[in-house]
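First listed ligand is number 1; within each ligand, the first listed atom is number 1.
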Amino acid sequence: MGDYVISYRIILTGVGSYLPKNKFSNDSLAKFVDTSDEWISKRSGIRYRHFVSDNETTSEMSYNAAKKAIKNAKISKNNIDLIIVATTTPDNTFPSTATLVQKKLCINAVSFDIQAVCAGFVFALSVAKSMMSDGYYKNCLIIGADSMSKLLDWKDRSTSVLFGDGAGAIILQRVENINDVYKDWGILSSVIHSDGQFYDLLKTNGGVSTNQKTGFIEMVGKEVFKHAVDKLSTSLEEALLSSNKKIEDVDWLVPHQANQRIITAVADRLNFDINKVISTVKYHGNTSAASIPLALDKAISSKTIINGNLIGVHAIGGGLSWGASIIRIGKPKIL
Ligand code: UT7
């Protein structure tokens, strides 16, 4: 008798997000940064961003987003056996923010952080997919959360106007693909890349083992812009190829929300209808690892993205690190 090989699918069943209450318009930023609403809107499409209050932490934002995702997935939190938090702005240098989220949720789950800056969420998707497909972990909570305001140098107007704080979470569930019921559902493909030769294009000027400071963000904006358009497009194409899909099959693109000009340029390059691209950058700026799940939650809660839609997600950040994934949202109705 041959071995019975179980075929698993990793499906996405819940999304949630959280934005801090403190909301800053471009005009309110212009009161303490040498900038204007006109410059920020024209160059980036950003109009608002939210900043954590003094005592608000990345783990708290994560916890708030996680509770909503768990509720939307209609699962018991006790069934979660894996927590991955993608963040560049942990509460403490160690232990991981994920263990704090685990503590707040009062559950038993393997918990750790991933650091791939703005690409953190797509990296977490890839790691979770591998760990779950191996057959051990069944229900994973992925959170993308960042308090980017803590890394901003208010004297640097070229970076300080672009970022915001927030958190987004999703629930992934492992299902057995009996009779091919789940054949075309869940994470169909996931690709990630890094190239450290571009390390200096986007980084903080501090760190634990260099100067024991957290540091501020430094960015060569024009160069990052060019890499972003190129690598977001090629990684999405790679993810499409790997899932045997064409761009025409995609219902919605949910890109990293860094700059509306990048979002538009990528849609042009992929020859994809901009009306089918979810854009929330206007409302919260670049929230790093939180940006894709924040956009996804807004689109799903407004019923723009619905059960069964095929979506493409892609992101790029410091490293440079980038990646993409093709996902069919939800689960078949017959179950
Ligand atoms: O998450 C991934 C990481 N981030 C990104 O994807 C961001 C990638 N880069 C970008 O989005 C764009 O490069 C920026 C939005 C950062 C900048 O846009 P740009 O069109 O490349 O502008 P620039 O850097 O060439 O700046 C043009 C001018 C400069 O003045 P001069 O030298 O032409 O007189 C800047 O000093 O705009 C000036 N400037 C500002 N003026 C008002 C730069 N920042 C500001 C500001 N307000 N906040």
In terms of residue, atom name and distance, what is the protein heavy atom nearest to [atom]?
atom                    : value
atom 23 (P) of ligand 1 : Lys222 NZ, 3.9 Å
atom 47 (N) of ligand 1 : Thr35 OG1, 2.7 Å
atom 3 (C) of ligand 1  : Leu202 CD2, 3.5 Å
atom 16 (C) of ligand 1 : Leu162 CD1, 3.6 Å
atom 27 (C) of ligand 1 : Arg43 NH1, 3.4 Å
atom 8 (C) of ligand 1  : Gly221 O, 3.6 Å
atom 4 (N) of ligand 1  : Met219 SD, 3.6 Å
atom 48 (N) of ligand 1 : Arg157 O, 2.8 Å

[X]: numbered ligand 1 atoms lying under 4.0 Å from its heavy atoms:
X      : result
Ala258 : 1 (O), 6 (O)
Ile316 : 1 (O), 2 (C)
Asn259 : 10 (C), 11 (O), 15 (C)
Cys118 : 1 (O)
Arg261 : 18 (O), 20 (O)
Val161 : 48 (N)

Min heavy-atom dist Thr159 to ligand 1 below 4.0 Å: no
Proximity flag Ile40 to ligand 1, non-hydrogen atoms under 4.0 Å: no
At a non-hydrogen distance cut-off of under 4.0 Å, which region of [X] contacts ligand 1 (side chain, backbone, both, or neither)?
X      : answer
Phe225 : both
Val117 : neither
Val33  : neither

Within 6.0 Å of [atom1] in [X], more than 12 heavy atoms from elsewhere:
X      : atom1 : result
Asn271 : CG    : no
Asn179 : CG    : no
Asp180 : CG    : yes

Residues Glu238 and Thr234: side-chain donor-acceptor under 3.5 angstrom: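 Looking only at side-chain atoms, Thr234 and Glu238 do not form any donor-acceptor pair under 3.5 Å.
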Side-chain H-bond candidate by donor/acceptor type, Asp146 with Thr287, under 3.5 Å: no
Does [atom] have any protein heavy atom closer than 4.0 Å?
atom                    : value
atom 36 (O) of ligand 1 : yes
atom 18 (O) of ligand 1 : yes
atom 14 (C) of ligand 1 : no
atom 25 (O) of ligand 1 : yes

Rounded distance (nearest 0.5 Å) linking atom [atom1] of [X] with atom [atom2] of [Y]:
X      : Y      : atom1 : atom2 : result
Ser242 : Ile326 : OG    : CD1   : 8.5 Å
Lys77  : Ile70  : NZ    : CD1   : 8.0 Å
Thr264 : Gln260 : OG1   : CD    : 4.0 Å
Arg43  : Glu38  : CZ    : CD    : 9.5 Å
Leu236 : Phe272 : CG    : CZ    : 8.5 Å

Nitrogen or oxygen of His256 less than 3.5 angstrom from that of ligand 1: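 Yes, at least one N or O pair falls under 3.5 Å.
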Nitrogen or oxygen atoms of Ser44 and ligand 1 under 3.5 Å apart: no
Distance flag, aromatic centroids of Phe198 and His227, threshold under 6.0 Å: yes
Pair Trp154 + Phe51: ring centers closer than 6.0 Å: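 They qualify: ring centres under 6.0 Å apart.
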Trace of the side-chain hydrogen bond (donor to acceptor under 3.5 Å, both in side chains) decision for Ser133 with Ser130: CA-CA 5 Å; Ser133 302; Ser130 298; over 6 Å; no
Connected via hydrophobic side-chain network under 4.5 Å: Ile187 and Trp322: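 In one cluster with Ile187: Trp322, no.
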Verdict with reasoning, Ser235 to His314, per side-chain hydrogen bond (donor to acceptor under 3.5 Å, both in side chains): CA-CA 7 Å; Ser235 57; His314 51 172; 4.9 Å; no
